[in-house]
2 protein chains.
Amino acid sequence: MLREERFDHIISLLKRDGKVAYDLLSAELNVSEDTIRRDIETLHSNGLLAKVRGGAILPSRNPLSFQNRTAYLTEGKDVIALKAQQFIKKGQTVFMDGGTTICAIAAHLPLDSNFRVVTNNQALIPILSKFKEIEIIVLGGVYNRNTETNTGVKTCEEVKHYVADVYFMGTCAVQSKFGITAAINEDGEVKQAMLNSSIKKIALSNTEKLDGVHSFKVCDMQEIDVLITDIPSDDSRLDAYRNLGIKLV
Amino acid sequence: MLREERFDHIISLLKRDGKVAYDLLSAELNVSEDTIRRDIETLHSNGLLAKVRGGAILPSRNPLSFQNRTAYLTEGKDVIALKAQQFIKKGQTVFMDGGTTICAIAAHLPLDSNFRVVTNNQALIPILSKFKEIEIIVLGGVYNRNTETNTGVKTCEEVKHYVADVYFMGTCAVQSKFGITAAINEDGEVKQAMLNSSIKKIALSNTEKLDGVHSFKVCDMQEIDVLITDIPSDDSRLDAYRNLGIKLV
DNA sequence: ATTTGTACTGCAAATAAATGCAAATTTGCA
DNA sequence: TGCAAATTTGCATTTATTTGCAGTACAAAT
């Protein structure tokens, strides 16, 4: 039985009865009480239940607000988010910039993700807060209401204080010849700073953005190590990028 | 059996049961577990499933709830918030640090407020966002889930880049003899940095915090220009502060 | 105060994942 | 078809994680 199955079982029992107990769960699932204890600890540290002596109960107020989720959990972004996970290893430092695709990655992370995020994306903070093992470092700067990011000279300066193992770059437009381009130059400048301070550079693009162009050039395609899209990696639409030696996922 | 056939098999099994396990698949398809592992790795990197220890599950099974942030509008804080407004003039630069009292100030501002806020308070951003004329500058740093503030050396460094006309300091404990003290020293350090870079220093305290003491000393009372509380300014409980020459509101 | 059930710690065994390598298989091309 | 190159597969080894257990500390109930 997978650990996740036990999670499901615990949660659904909790929803049915309002409470669960270590001893009963242990007998029911044929694992030791310690294991149940650790499961409940994990679920608790992700805010899915409230731990009490002898078991767990439903959290006092559980506002499973789905309105919030829907904004960035659309088809293609789901796929990109799942594909992205494999590039994050425990203990690493990860740059994440702005955009809803980046938020989708965060929303789909495994419950026990353990790494450090350095970001200028304000919308990411409440999402990441749920993952208790993730260290969140915020890059300050001038806040932009539309993009929900902090940008400007200060932000770019801040970026230089870090070296990231991985950089997940949300993109506005990706094109094999003109490279990656942005609509807002403040955002583009942060992207350039992050490129300069990261080891593995991963660009994220859904099909609509693919082969698009904006006016502010961020970088050439060759600077990118991996391109994650919402279509199968062997799709012919990606041939131009494959020929540039970019790993496609 | 072709690799694609195995893929099909895995996916349909996943759709039927919501999960698949390496060992079962291996036995069922007569290939080694390593092969199944690699198949699932491939499917994962195409975003078709979510990998977990021992197998894989459907991507949708990641239940995440989102926190609400509306616990900052209580009694005394309303009063303090309204009293605070008079100190902000159009075009000024204002430091605002952490705490729910600060959030209350923001929530009560007139809609046409026009000034610049420099803050390390993440909870403040969504509140301030609705005031279109307010420029928001975020101070980055290490994000603290409990206080919803960014703190640390980087934050303090950032503060030095600004000079504020007014600093609204949220307090944990205020006492005429021991001055202002904080429970968390990271927060205290940011407060000290802000004190050093601001012209008018305004401390905010509700009656519960008044005359309290914590272990990290932020500053003496004499450093404060104005003390805003939720009780009338001529209340005898404030005599000790009045005698120190602090303006009471 | 004593008893009973619960929680935490460290540890060792079991289990799973990642890695490297060689054999087997498929593919591309003349 | 024949052959080399590339890919896939299974296996052995190493590394990491999970699990159950024993001991102990702790808290509540009698």
Side-chain angles (χ1 to χ4, degrees), chain A residues 1-10 13-14 19-46 49-57 82-92 109-116 131-134 165-166 200 226 232-236 238-239 242-243 245 247-249, chain B residues 1-11 13-14 19-46 48-57:
Chain A
M1 170 175 265
L2 302 177
R3 196 167 66 129
E4 279 67 18
E5 292 182 75
R6 291 201 310 267
F7 287 177
D8 267 8
H9 190 94
I10 294 172
L13 220 62
L14 198 58
K19 63 168 203 304
V20 289
Y22 293 134
D23 50 0
L24 293 177
L25 277 173
S26 163
E28 201 172 328
L29 299 174
N30 280 313
V31 288
S32 74
E33 283 194 32
D34 296 74
T35 302
I36 299 295
R37 202 180 302 282
R38 279 181 274 233
D39 285 351
I40 284 186
E41 174 59 40
T42 304
L43 292 169
H44 165 72
S45 72
N46 284 288
L49 47 74
K51 241 179 13 169
V52 295
R53 193 177 170 82
I57 54 172
L82 289 168
K83 289 184 180 182
Q85 282 176 27
Q86 63 187 292
F87 294 99
I88 306 174
K89 304 274 176 261
K90 183 174 177 178
Q92 288 190 323
L109 287 169
L111 296 167
D112 56 351
S113 296
N114 181 312
F115 56 98
R116 177 184 298 115
F131 303 92
K132 303 302 179 197
E133 301 301 317
I134 294 183
D165 299 286
V166 184
K200 186 164 221 153
V226 182
S233 53
D234 53 4
D235 193 294
S236 63
L238 300 172
D239 285 346
R242 205 188 331 273
N243 294 336
K247 174 168 178 177
L248 298 169
V249 177
Chain B
M1 172 175 264
L2 300 176
R3 199 166 67 126
E4 305 300 327
E5 290 184 74
R6 289 202 311 269
F7 286 179
D8 274 0
H9 191 93
I10 294 172
I11 293 295
L13 221 60
L14 195 59
K19 56 132 212 260
V20 288
Y22 293 133
D23 50 359
L24 293 177
L25 278 173
S26 163
E28 201 172 328
L29 299 175
N30 281 312
V31 287
S32 74
E33 283 195 32
D34 297 73
T35 303
I36 299 295
R37 204 180 300 283
R38 279 180 278 234
D39 286 352
I40 284 184
E41 174 62 39
T42 306
L43 292 169
H44 171 241
S45 73
N46 280 304
L48 294 167
L49 46 74
K51 246 183 4 171
V52 297
R53 190 180 169 86
I57 56 174

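Naming convention: chains lettered A, B, ... in sequence-line order (proteins, then strands); numbering from 1 in each chain. In this text, all values refer to a predicted model and were calculated from it rather than measured experimentally.
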Legend entry - Close side-chain approach of A:Lys200 and A:Asp165, heavy atoms under 4.5 Å: no

Inset, instruction - Look at the side-chain N and O atoms of A:Arg37 and state whether any lies under 4.0 Å from the OP1 or OP2 oxygen of C:dC8. - result: no

Inset, instruction - Could you pick out which residue, B:Lys51 or A:Glu33, lies toward the 5' side of DNA chain C when each is mapped onto its nearest nucleotide? - result: A:Glu33

Legend entry - d(CD, B:Glu5; P, D:dT9) in whole Å: 12 Å

Legend entry - A:Ile36 CD1 - C:dC8 P separation (whole Å): 16 Å

Inset, instruction - Please examine the side chains of A:Asp23 and A:Glu33, heavy atoms only from C-beta on, and report whether any two atoms are closer than 4.5 Å. - result: yes

Inset, instruction - Measure from CD on B:Glu41 to P on D:dT8 and round the result to the nearest Å. - result: 13 Å

Inset, instruction - For A:Arg38, report the nucleic acid contact type (base, sugar-phosphate, nothing); a contact means any heavy atom under 4.0 Å. - result: base

Inset, instruction - Could you tell me whether the side chain of A:Arg242 and the main chain of A:Asp235 form a donor-acceptor pair under 3.5 Å? - result: yes

Legend entry - Shortest side-chain distance from A:Arg53, nucleotide among C:dT15, C:dT9, C:dT6: C:dT6

Inset, instruction - Provide, to the nearest angstrom, the distance between the CG atom belonging to A:Leu2 and the C1' atom belonging to C:dA16. - result: 12 Å

Legend entry - Nucleotide nearest A:Asp34 when distance is taken to its side chain, options D:dT19, C:dC8, D:dT9: C:dC8

Inset, instruction - Whole angstrom is fine here: how far is it from CZ in B:Arg6 over to P in D:dT8? - result: 10 Å

Inset, instruction - Identify which nucleotide among C:dA18, D:dG10, D:dT18 has an atom closest to any side-chain atom of B:Val31, counting heavy atoms from C-beta outward. - result: D:dG10

Legend entry - Pair partner, C:dA1 [Watson-Crick or wobble, under 3.5 Å]: D:dT30

Legend entry - 4.5 Å side-chain heavy-atom contact, A:Ile10 and A:Ile40: yes

Inset, instruction - Ignoring the backbone of A:Lys90, work out which of D:dT17, D:dT9, D:dT18 is nearest its side chain. - result: D:dT17

Inset, instruction - In plain terms, say whether A:Asp112 and A:Arg3 are close enough for a salt bridge, that is, a side-chain N and a carboxylate O under 4.0 Å apart. - result: yes

Legend entry - Atom pair distance, as rounded to whole Å: NZ in A:Lys89 and P in C:dT19: 7 Å

Legend entry - Interatomic distance, B:Asp39 CG vs D:dG10 C1' [rounded to whole Å]: 13 Å

Legend entry - Upstream residue (5' side of DNA chain D) when A:Asp112 and B:Asn30 are each assigned their closest nucleotide: B:Asn30

Legend entry - Interatomic distance where CZ belongs to A:Arg3 and P belongs to C:dA14 [whole Å]: 21 Å

